[in-house]
Amino acid sequence: MIQSPRLKIIPCDDTIFEAFKMGDNVLARVIGANVPKKWTGFRNAFAPAYLRWLEHPPLRDWWMHLLIYVPDNLLIGSCGYKGEPDENGTVEIGYEIKESFRGKGLATEAAIALSRNALAAKEVRQVIAHTVPYENPSAAVLRKAGFEKESEVADETEGLMWRWRLTN
């Protein structure tokens with residue numbers, strides 16, 4: 001688990017993925033936190049992630065995490081890494097915050113915590129993230145977390161994106 005001042009960031013394991021499939025009430029019991037309706041905008045992303053995760057155990061440290069807002073003991077989103085570090089020591093982060101909790105610095109807090117956790121691993125030299133190619137709240141989050149806009153890149157599924165980078 002990764003801790004930050006207001007967040008518990010819980011890595012998903014077999015038990016959590018199974019609970020997720022069984023519904024929010026079961027998930028709430030397993031993670032010991034309240035689970036609101038519509039806590040994620042990426043519900044469909046969990047099933048393929050789970051299958052990939054089972055096929056490649058090293059991904060277990062570099063995949064999906066749940067964000068618990070400690071003051072309310074409430075699940076407010078997900079975050080994590082988009083795979084294990086590559087041969088250059090690069091790992092990518094992603095995050096989402098429930099809409100009613102946006103604008104409170106929680107995405108920045110999650111990005112900082114994920115990045116620090118990654119950079120503490122000996123195999124990681126840099127953390128990257130991608131956003132849409134114009135100023136938006138995610139770009140502001142990454143700037144506040146210490147990332148620098150590196151370049152524009154073409155993504156096969158998303159199209160043109162901004163690539164952000166943070167190094168030790």
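Remember, it's a predicted structure, so these values are computed and weren't measured experimentally. The residues of the chain are indexed from 1 along the displayed sequence.
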**Message:** I'd like to know if the side chain of Asp72 reaches the main chain of Leu74, judged simply by a donor and an acceptor atom lying under 3.5 Å from each other, with no hydrogens or angles considered.
**Reply:** no

**Complete:** In short, salt bridge (charged side-chain N to carboxylate O under 4.0 Å, His left out) pairs touching residues 122-140 with sequence neighbours left out are Glu135-Arg143

**Message:** Which heavy atom of Val124 sits nearest to which heavy atom of Asn168, and what is that distance?
**Reply:** O-ND2, 4.4 Å

**Asked** From Thr40 OG1 over to Lys38 NZ, what is the distance, rounded to the nearest 0.5 angstrom?
**Response** 12.5 Å

**Asked** Do the side chains of Ile9 and Cys79 get nearer than 4.5 Å, heavy atoms only?
**Response** yes

**Asked** Got a second to check how far His65's NE2 is from Asp13's CG, nearest 0.5 Å?
**Response** 10.5 Å

**Message:** Quiz question: by atom type and distance under 3.5 Å, do the side chains of Glu96 and Ser78 form a donor-acceptor pair?
**Reply:** yes

**Prompt:** At what distance, to the nearest 0.5 angstrom, does CG of Asn117 lie from CD1 of Ile2?
**Reply:** 3.5 Å

**Prompt:** Do the numbers put Lys98 on top of the ring of Phe101, so that NZ or CZ is under 6.0 Å from the six-membered ring centre and no more than 45° off the axis?
**Reply:** no

**Message:** Please give me the minimum heavy-atom distance between Ile68 and Ala33, naming the atom from each residue.
**Reply:** CD1-CB, 3.8 Å

**Prompt:** So with a 6.0 Å cut-off around CD of Glu99, is the heavy-atom count from everything else above 12?
**Reply:** no

**Request:** Would you name the heavy atoms of Cys12 and Phe17 that are closest together and state the gap between them?
**Result:** CB-CE1, 3.3 Å

**Residues that, via side-chain heavy atoms closer than 4.5 angstrom, fall in one hydrophobic cluster with Tyr134** = Val132

**Prompt:** Are Leu67 and Tyr69 co-members of a hydrophobic cluster defined by side-chain heavy atoms under 4.5 Å apart?
**Reply:** yes

**From CA spacing to verdict: side-chain hydrogen bond (donor to acceptor under 3.5 Å, both in side chains), Asn88, Thr90** = CA-CA 6 Å; Asn88 299 315; Thr90 301; 5.3 Å; no

**Asked** Looking at side-chain heavy atoms only, is the closest gap between Phe147 and Val127 below 4.5 Å?
**Response** yes

**Qualifying residue, where the test is side chain to side chain donor-acceptor pair (under 3.5 Å) with His130 and the options are Glu158, Arg163, Glu92** = Glu92

**Prompt:** Hey, is CZ on Arg116 packed in by over 12 heavy atoms from elsewhere, all under 6.0 Å?
**Reply:** no

**Prompt:** Is Glu148 salt-bridged to Arg165, cutoff N-O under 4.0 Å?
**Reply:** no

**Item:** Non-hydrogen atoms of Gly146 and Leu166 that approach each other most closely
**Value:** O-CD1, 3.3 Å

**Request:** Following the transitive rule for hydrophobic clusters with a side-chain heavy-atom cut-off under 4.5 Å over Ile, Leu, Val, Met, Phe, Trp and Tyr, establish whether Leu142 and Met161 coincide in one cluster.
**Result:** no

**Request:** Evaluate side-chain hydrogen bond (donor to acceptor under 3.5 Å, both in side chains) for Glu152 paired with Trp162, printing each intermediate quantity in order.
**Result:** CA-CA 5 Å; Glu152 287 187 350; Trp162 280 351; 3.3 Å; yes

**Request:** Would you check if Thr131 and Trp164 make a side-chain contact, meaning some heavy-atom pair closer than 4.5 Å?
**Result:** yes

**Prompt:** Does Asn73 use its side chain to pair, donor to acceptor, with the backbone of Gly32 at less than 3.5 Å?
**Reply:** yes

**Item:** Working for ring-ring contact (aromatic ring centres under 6.0 Å, His included), residues Tyr81 and Trp62
**Value:** CA-CA 5 Å; Tyr81 308 100; Trp62 299 105; 4.9 Å; yes

**Asked** From Leu75 CG over to Leu27 CG, what is the distance, rounded to the nearest 0.5 angstrom?
**Response** 6.0 Å

**Request:** Write down the atom of Pro11, the atom of Ile16, and the distance for their closest heavy-atom approach.
**Result:** O-CD1, 3.6 Å

**Asked** Between Asp24 and Trp39, does a side chain to side chain contact (heavy atoms under 4.5 Å, CB included) hold up when you go through it step by step?
**Response** CA-CA 10 Å; Asp24 290 345; Trp39 62 268; 3.5 Å; yes

**Item:** Closest non-hydrogen atom pair between Met1 and Lys8, with its separation
**Value:** SD-CD, 3.5 Å

Side chains of residues 107-115: which donor-acceptor partners sit under 3.5 Å, not counting sequence neighbours?
unit_1: Glu109; atom_1: OE1; unit_2: Arg6; atom_2: NE; d: 2.9
unit_1: Glu109; atom_1: OE1; unit_2: Arg6; atom_2: NH2; d: 3.1
unit_1: Glu109; atom_1: OE2; unit_2: Ser4; atom_2: OG; d: 2.6
unit_1: Glu109; atom_1: OE2; unit_2: Arg6; atom_2: N; d: 2.6
unit_1: Glu109; atom_1: OE2; unit_2: Leu7; atom_2: N; d: 3.4
unit_1: Ser115; atom_1: OG; unit_2: Ala111; atom_2: O; d: 2.8

